[in-house]
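Presented below is the structure to which this report refers.
Because the structure is a prediction, the values reported are computed rather than measured. For the numbers below, each heavy atom of this structure counts, side chains included, while hydrogens, waters and symmetry mates do not.
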Amino acid sequence: MSIARPLAFAEAVPMPELAFSRRSALYGLGAAGLSAALAGCGVPAAYVPEEGREGPDRSERDRSVAFSNWPLYIDTDEEDEERRPTLEAFSEQTGIEVRYTEEINDNDEFFGKVSPALMNRQETGHDLIVVSDWMAARFVHLGWAQKLDRPAQPNVARHLDPQLRSPAFDEGRLHTVPWQSGITGIAYNRKALGREIKSVKDLWQPDLAGKVTLFSGLDESFALLMQGEGVDVTRWTESDFHRMCDQVENMVKKKHIRRFTGNDYTSDLSKGDVLACQAYSGDAIQLQADNPDIEFVVPEEGAELWAESLLVPNLARHKANAEALIDYYYAPEVAASLAASVNYVCPVPAAREVLAGSDDRETAELAENPLIFPDDDMRKRLVVARDISSAERRSLAKRWNAIVGL
C-alpha cells in the first residue's frame with residue numbers, strides 16, 4: 001500500500017532535534033508577571049461568558065487563518081525546512097492561506113503576551129494557538145477559548161483518541177482539541193545501571209544516589225511522582241500533593257536528586273551524568289536512536305498522558321477557517337504525516353494504519369512504536385491527571401518551587 005498525498009515518505013522522516021521541547025515549560029506560577037491575580041484565574045472581571053467570546057467571522061471573505069505554534073512542532077520538507085507540506089496541502093485543497101508562526105516558546109510567556117487583550121475583550125490577532133493542556137485549562141476557566149463547531153469537524157468527532165476526549169478542565173473537548181499528545185515517564189540507561197526500572201519507587205534505590213533528575217516545572221512533574229505514591233491522579237487532593245513533596249524534599253536533603261531540569265535532562269542522560277530521569281516519550285524516541293541502551297518506561301503505578309491543544313481565542317477573526325484547519329489535521333493521512341515528523345503520541349489512532357501501509361520500512365515501523373501509538377497494555381497504565389485549580393495553584397507552586405529552588 002502506498003500513502004496518498006500529503007504524505008511523502010520517499011525516505012524516513014528525520015527525527016527533530018532535542019534542543020527544544022514543547023513540554024519544557026515555565027515553572028510554577030511563571031515569569032513575565034503572569035500577574036498573580038490572573039494566574040490565579042480568580043479575577044471576576046477577567047472572565048468572559050460564552051455569549052461574549054465570538055466576534056464577526058471574516059472567514060468567508062478573507063480566506064486566511066493565523067496559526068501560532070511552538071518551534072519544531074510540525075512537519076517540514078527535508079530539502080527546505082521553511083516549507084511545511086501539510087500546511088501547503090491544506091491551502092491547495094481549501095484556498096485558505098495559513099499565516100504560520102512559531103512564536104510560542106513558553107506557556108506563561110505567551111499567556112502574558114495575549115492576556116491583556118483577552119481580559120479587555122480585544123482581539124489578539126491569533127485565530128488558532130497551541131498551548132499545553134494545563135495552560136489551556138486557564139484559557140477555558142477564564143472563558144477565553146471559544147466553543148468549537150463540532151458538527152463542522154467530522155474528522156475530530158470520528159478520530160480523536162477516546163482517552164483524550166474529555167479532560168476535567170474541558171469536558172467533552174468543547175473548547176480545545178489535542179494537537180499532539182505524550183507521556184511523562186522514566187528514561188534510564190539500562191546498561192549503565194545494570195538493572196530494570198519498573199516503578200517510580202525504583203528511582204529512590206541507593207544505586208541511583210546523585211544520578212536522578214526530576215522536572216522542575218510543577219505541572220510537568222507532579223502527576224508521575226504522585227502516581228509513584230499510589231495516588232489516583234484523576235482526583236488527587238492537596239494532602240496527596242504535600243505527601244509527595246515530603247518524599248521529594250527528603251531525597252533532596254539526602255542529595256539523591258542530582259538536580260531539577262527543563263529539557264536539558266536529555267543532555268545529562270546522554271552524557272551519563274545521570275542514569276535515570278523523568279522524561280517525555282517524544283524525546284525518548286530520539287534518545288533511543290542515539291543510544292540503544294536508553295529505555296523509556298511507563299511505571300507499574302502508571303504515567304501521565306498529556307496533550308498540547310489547539311484552541312480558538314476570543315474574537316478571532318477567522319474562526320471557521322481555524323476549525324477547518326483543526327479538522328484537516330484529524331484526517332488519518334494528515335495525522336500520520338505529522339506523527340512521522342514530530343514523534344509524539346498521535347491523538348488520531350487511525351493514523352497508525354496509514355503509517356503501517358507505507359512503502360518505506362522505517363516509516364512503517366513507526367506504526368509499531370508504543371511511544372507514538374500506545375498498545376493496550378500501556379494504555380491501561382496511562383491517565384489524564386486532573387489539573388491544578390486556580391484556588392490551589394498559588395500555595396502548591398510556593399511549596400514546590402521552594403523544594404526545586406526557583
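The backbone N or O of Ser181 lies less than 3.5 Å from no partner atom in the side chain of Trp306, so there is not a single donor-acceptor pair. Checked by atom type and distance alone, the side chain of Trp400 pairs as donor or acceptor with a backbone atom of Ser216 at under 3.5 Å. Side-chain atoms of Asp202 never come within 3.5 Å of backbone atoms of Ile197 as a donor-acceptor pair (strictly under, hydrogens ignored). Counting only distance, with no hydrogens or angles, the side chain of Asn189 and the backbone of Ile294 share no donor-acceptor pair below 3.5 Å. For Ser267 (side chain) and Asp264 (main-chain N/O), no donor-acceptor pair under 3.5 Å exists by modelled atom type. Listed for the Gln278 side chain is a donor-acceptor partner under 3.5 Å among the backbone atoms of Ser221. For Asn155 (side chain) and Asp327 (main-chain N/O), a donor-acceptor pair under 3.5 Å exists by modelled atom type. Side chain of Thr237 to main chain of Asp240: a donor-acceptor pair is present (N/O by atom type, distance under 3.5 Å, no hydrogens or angles). For the pair Thr124 (side chain) and His126 (backbone), a donor-acceptor distance under 3.5 Å is present.
Of the charged side-chain nitrogens involved, none lies within less than 4.0 Å of a carboxylate oxygen, so that Asp149 and Lys319 do not count as a salt-bridged pair. Of the charged side-chain nitrogens involved, none lies within less than 4.0 Å of a carboxylate oxygen, so that Glu323 and Arg150 do not count as a salt-bridged pair. Under 4.0 Å is where a charged nitrogen must lie from a carboxylate oxygen, and between Arg259 and Asp273 no such pair does. Look at Lys211 and Asp207 and you find no salt bridge, because none of the NZ, NE, NH1 or NH2 atoms lies under 4.0 Å from a carboxylate O. Salt bridge absent: Glu97 and Arg63 never bring a charged side-chain N and a carboxylate O closer than 4.0 Å. Using a cut-off of 4.0 Å between Lys/Arg side-chain N and Asp/Glu carboxylate O, Lys198 and Glu300 are scored as not salt-bridged. The residues Glu102 and Arg84 are annotated as salt-bridged, a charged nitrogen and a carboxylate oxygen being separated by less than 4.0 angstrom.
With no hydrogens or angles considered, no side-chain donor-acceptor pair links Ser281 and Tyr344 at under 3.5 Å. No side-chain donor from either of Ser91 and Glu88 sits under 3.5 Å from a side-chain acceptor of the other. Residues Gln205 and His256 bring no donor and acceptor atom of their side chains to less than 3.5 Å of each other. Between the side chains of Trp134 and Glu220, a donor-acceptor pair is found at a separation under 3.5 Å. A side-chain donor from one of Ser59 and Asp57 sits under 3.5 Å from a side-chain acceptor of the other.
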Under the salt bridge (Lys or Arg N to Asp or Glu O under 4.0 Å) criterion, do Arg83 and Asp80 qualify, and how do the steps go?
-> CA-CA 6 Å; Arg83 295 187 58 194; Asp80 182 357; 5.1 Å; no

Residues Glu249, Arg399; criterion salt bridge (Lys or Arg N to Asp or Glu O under 4.0 Å); working and verdict | CA-CA 10 Å; Glu249 194 168 41; Arg399 173 82 197 275; 3.1 Å; yes

Kindly indicate, with the supporting measurements, whether the criterion side chain to side chain contact (heavy atoms under 4.5 Å, CB included) is fulfilled by Arg138 and Phe169.
-> CA-CA 9 Å; Arg138 291 187 186 177; Phe169 72 88; over 6 Å; no

Should Leu305 and Met378 be marked as a side chain to side chain contact (heavy atoms under 4.5 Å, CB included) after you check the CA-CA gap, both sets of side-chain angles, and the distance that decides it?
-> CA-CA 11 Å; Leu305 179 67; Met378 182 179 289; over 6 Å; no

Test log, rule salt bridge (Lys or Arg N to Asp or Glu O under 4.0 Å), inputs Lys113 and Glu109 = CA-CA 6 Å; Lys113 178 179 178 180; Glu109 179 183 56; over 6 Å; no

How far apart are the C-alpha atoms of Glu123 and Arg317, what are their side-chain angles, what is the distance that settles it, and do they pass the salt bridge (Lys or Arg N to Asp or Glu O under 4.0 Å) test?
-> CA-CA 8 Å; Glu123 296 178 7; Arg317 295 185 176 189; 2.5 Å; yes

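Note that CE of Met226 is 7.5 Å distant from SG of Cys245, once rounded to the nearest 0.5 Å.
Side-chain contact between Ile403 and Phe260 is present, with at least one heavy-atom pair separated by less than 4.5 Å. Counting heavy atoms from C-beta on, the side chains of Leu338 and Tyr73 never come closer than 4.5 Å.
Note on residues 163-174: pairs passing salt bridge (charged side-chain N to carboxylate O under 4.0 Å, His left out), not counting sequence neighbours, are Asp133-Arg173.
Within the cation-pi definition used here (under 6.0 Å to the ring centroid, within 45° of the axis), Arg53 does not qualify as a partner of Trp144.
In this pair, Phe67 and Tyr100 present their aromatic rings perpendicular. The plane angle is above 60°, beyond the 30 to 60° band.
Glu229 approaches Lys201 most closely through the heavy-atom pair CA-NZ, 4.3 Å.
Summarising the local packing, CG of Asp375 is surrounded by more than 12 heavy atoms from other residues, nucleotides or ligands at distances under 6.0 Å. For CZ of Arg158, the number of neighbouring non-hydrogen atoms (other residues, nucleotides, ligands) closer than 6.0 Å is 12 at most.
Judged as a ring-ring contact (aromatic ring centres under 6.0 Å, His included), and not counting sequence neighbours, the contacts of Phe215 are Tyr265, Tyr280. Qualifying side-chain contact (heavy atoms from CB on, under 4.5 Å) partners for Ala303, counting only residues two or more places apart in sequence or in other chains: Ile183, Leu224, Val298, Pro299, Leu382.
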